[in-house]
Structures are given as structure tokens and as C-alpha cells.
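First up is the structure itself, then whatever we jot down about it.
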Amino acid sequence: MPELPEVQTICQSLSRQLTGLRIESAQQISKLRKSVATADLDLFCRGKTIAQICRRAKYILIHFSDQSGLILHLGMTGCFIINPEDGIALKHERVCWHLSDGSRWRFCDARRFGSLQLCPSSLSFEKHPALIGLGIEPLQENFTGQYLKELCQLRKVPIKTLLMDQSHVVGVGNIYANEALFRSRISPRKLATRLSKVQCEHLANAIQDVLTAAIAAGGSTIRDYHDVDGSEGHFSLQLQVYGRSGLLCPNCNTVIRRLVQAGRSSFYCPHCQRG
DNA sequence: ATATTCCCCTGGAAGC
DNA sequence: TGCTTCCAGGGGAATA
């Protein structure tokens, strides 16, 4: 479900609502792809204060004041709800934390592709196995056309597959890979190694532009994604190719096509994206 | 080492 | 109305 803009939006909301609160107790209600037994989770979290919440790739990092923390991933359908304690489990509620202000922070996830991992104070977040192999943050200043060109060199994968590989560039998933390629007029099938310097410049800029615009719009709600307060992301209205096969290209009126790459749908305009 | 394929799981939409 | 099939913002393990 969530890519960088959605995770960023959720992090900002969590940060506003949870920073400074203490965890009274924690409970795992049912398992996720990676999760922690209730007894261990409760022992780990109990009495700790939430100092800071930030994002790395599509992971949410909960920093406690004792330097330990939690590493959360939303998978495809994960979401959070924070509301007054009512003692009633929500549908698909997987983990919950009881907080010092009387509220309950719930991690819900229908498909259970999400994950929860512990990061002890003895281990810095960057060295945690979940985060150690991750690639560059695309909104960082050193993510340039030149950097992307070097990444593409020697790689005989389609550029779209490379963009979605979190060990190279993080945060770009299926929606924004498709949109960035459309904006830079590059075919999703083009082999990474065959991109020119200029195309890499355009693509790096397109990735930054589309992610920035999506963050400003609060992300893209296609079906499941909602912010912590339940609100939808409005960037879905600005999507130009994602999910639009059979509809007309906004630039040239050619019919947008769908193809499958590495098991995921790609959407593109066969006329605009010939490069 | 690096690149596709399959699987994890649930629910909504579309087709018959 | 109901059953079946396909599809979904991710990632990791098992294959080629």
C-alpha cells in the first residue's frame, strides 16, 4: 500500500500525536509477517517514552528516550488508529499500545504483510538487519542524475524494476515508479544500462518532483490507504498513468497500456514513453 | 552474484 | 443472488 509519500504522511501524524507519551503496556493481537510475542513486546515497550518518530525508506522508526525503538512496516494494507481506550479490538487490529494519556494506539493490517521489529538500545537503527541493506533516499540532495546514472550502469534490468528495488533506491513503489517514468518519457521496459545521462537527469528530477508533490497532497489513496486520522491522500487525482490502462494519455490521447514486470503491473503511454 | 517466480494473506470488484 | 477469478501502494525466500 504505502510508498514513501504515504509513509512520510503517516510519520508526521504519528509524530504529532505520540511524541512525549509513555507506553503503559503493549499487546500483540495476531501475527504479522514479522512480529513479536506479546510478552516480549510488552516487556520491551513498557514504561518507555516516545521521543521521536521518523522514516527510513518505507519503514517507520519509533525512537524511545532510552535509545531503543521499534521498526514498523505497513506492508500493503497497514494503518494506524489512535483513539480513547474502549477495550474493544478493531477488525484486523494486530498490535496495540496503551498510552499514558489514556489513548490506545492500534496497528491494523488486513493482509498481515506488515511487520514489527524491536531495536534494542545496544544496536543503532542504521545497523539493524531490517535497514542495513537499504539504498539511497531519493529526496536526499545527493540523489542526482549522476548518481542514478552510476546505479544504472551495468544493470541489465528494466529501469522500472531497478527503481522498485529497495536495495538501490528506497521509497519508490509501483505507483511512483510508473508516474516518474511517464513524467520523464522513459519506457518501463528500457534496460537501466541503456539510459543516457540526460534521461537519468530527467528521471531523477521526475522522481523527486512526483514524491514531493505526493507528500504535499498527503499521499495517494487508491483503496486502503488512510492517514492516522482517517483522511485520504489526494494525489490519486493527479496520477497520470497508474491504474489507467485503457484510458487516454493526458498528453497525447493514446490509449494507456498495462504490462506485467517482475510480477507487478506497469502502466505506460506507448507513444510518449518510447525513449 | 544477480535476476525472475512464487508465496505470504484478506477483501473488493468484475465476470459468469 | 451467488460463485469464481483476478487484482491490489510490499518484501523475502526459493529458484534459475
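Reminder, nothing fancy here: chain letters follow the sequence lines and each chain counts from 1.
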Rounded P spacing from dG11(C) to dA1(B) in Å: 22 Å
query: Mind checking who dG12(C) pairs with, Watson-Crick or G-U wobble, both distances under 3.5 Å?
result: dC6(B)
message: Once you measure the plane-to-plane angle for Trp105(A) and Trp97(A), does it fall in the parallel (<30°), tilted (30-60°) or perpendicular (>60°) bin?
response: parallel
field: Closest to the His73(A) side chain, choosing from dC9(B), dG11(C), dG12(C)
entry: dG11(C)
- prompt: Could you go step by step and tell me if Ser265(A) and Arg258(A) meet the side-chain hydrogen bond (donor to acceptor under 3.5 Å, both in side chains) rule?
  reply: CA-CA 6 Å; Ser265(A) 290; Arg258(A) 169 181 182 268; 2.8 Å; yes
- prompt: Checking all strands, does Pro158(A) fall into the base, sugar-phosphate, or nothing category for heavy-atom contacts under 4.0 angstrom?
  reply: sugar-phosphate
task: Measure from the side-chain heavy atoms of Arg94(A) and tell me the nearest of dA8(C), dT10(B), dC8(B).
output: dT10(B)
message: Below the 4.0 Å mark, does dT10(B) have OP1 or OP2 next to a side-chain nitrogen or oxygen of Arg112(A)?
response: yes
query: Do the side-chain N or O atoms of Lys31(A) get closer than 4.0 angstrom to the phosphate oxygens (OP1, OP2) of dC9(B)?
result: no
- prompt: Can you find a side chain N or O atom of Lys156(A) that sits less than 4.0 Å from OP1 or OP2 on dA3(B)?
  reply: no
- prompt: So what does Ser265(A) touch, heavy atoms closer than 4.0 Å: a base, only the sugar-phosphate, or nothing?
  reply: sugar-phosphate
query: Of all the nucleotides listed (dT10(B), dG10(C), dG11(B)), which has the minimum atom distance to the side chain of Glu3(A)?
result: dG10(C)
- prompt: Going from OH on Tyr176(A) to CG on Asn174(A), what distance comes out if it is rounded to the nearest 0.5 angstrom?
  reply: 11.5 Å
query: Is there a side-chain polar atom (N or O) of His92(A) under 4.0 Å from OP1 or OP2 of dC9(B)?
result: no
task: Report which part of the nucleic acid Gly263(A) touches: base, sugar-phosphate, or nothing (heavy-atom distance under 4.0 Å, all strands).
output: nothing
message: Just to be sure I understand the rule, does Tyr59(A) reach a base, reach only the sugar-phosphate, or reach nothing, if contact means heavy atoms closer than 4.0 Å?
response: sugar-phosphate
Met164(A) side-chain proximity, nearest of dG12(C), dG10(C), dT10(B): dG10(C)
message: Between Ser231(A) (side chain only) and Asp227(A) (backbone N and O only), is there a donor and an acceptor less than 3.5 Å apart?
response: no
query: Considering only side-chain heavy atoms of Phe113(A), which listed nucleotide, dA8(C), dG11(C), dC9(B), is closest?
result: dC9(B)
message: Base of dA8(C), side chain of Arg111(A) - is there a donor-acceptor contact under 3.5 Å?
response: yes
- request: Pick base, sugar-phosphate or nothing for Tyr176(A), based on heavy-atom distances below 4.0 Å to the nucleic acid.
  value: nothing
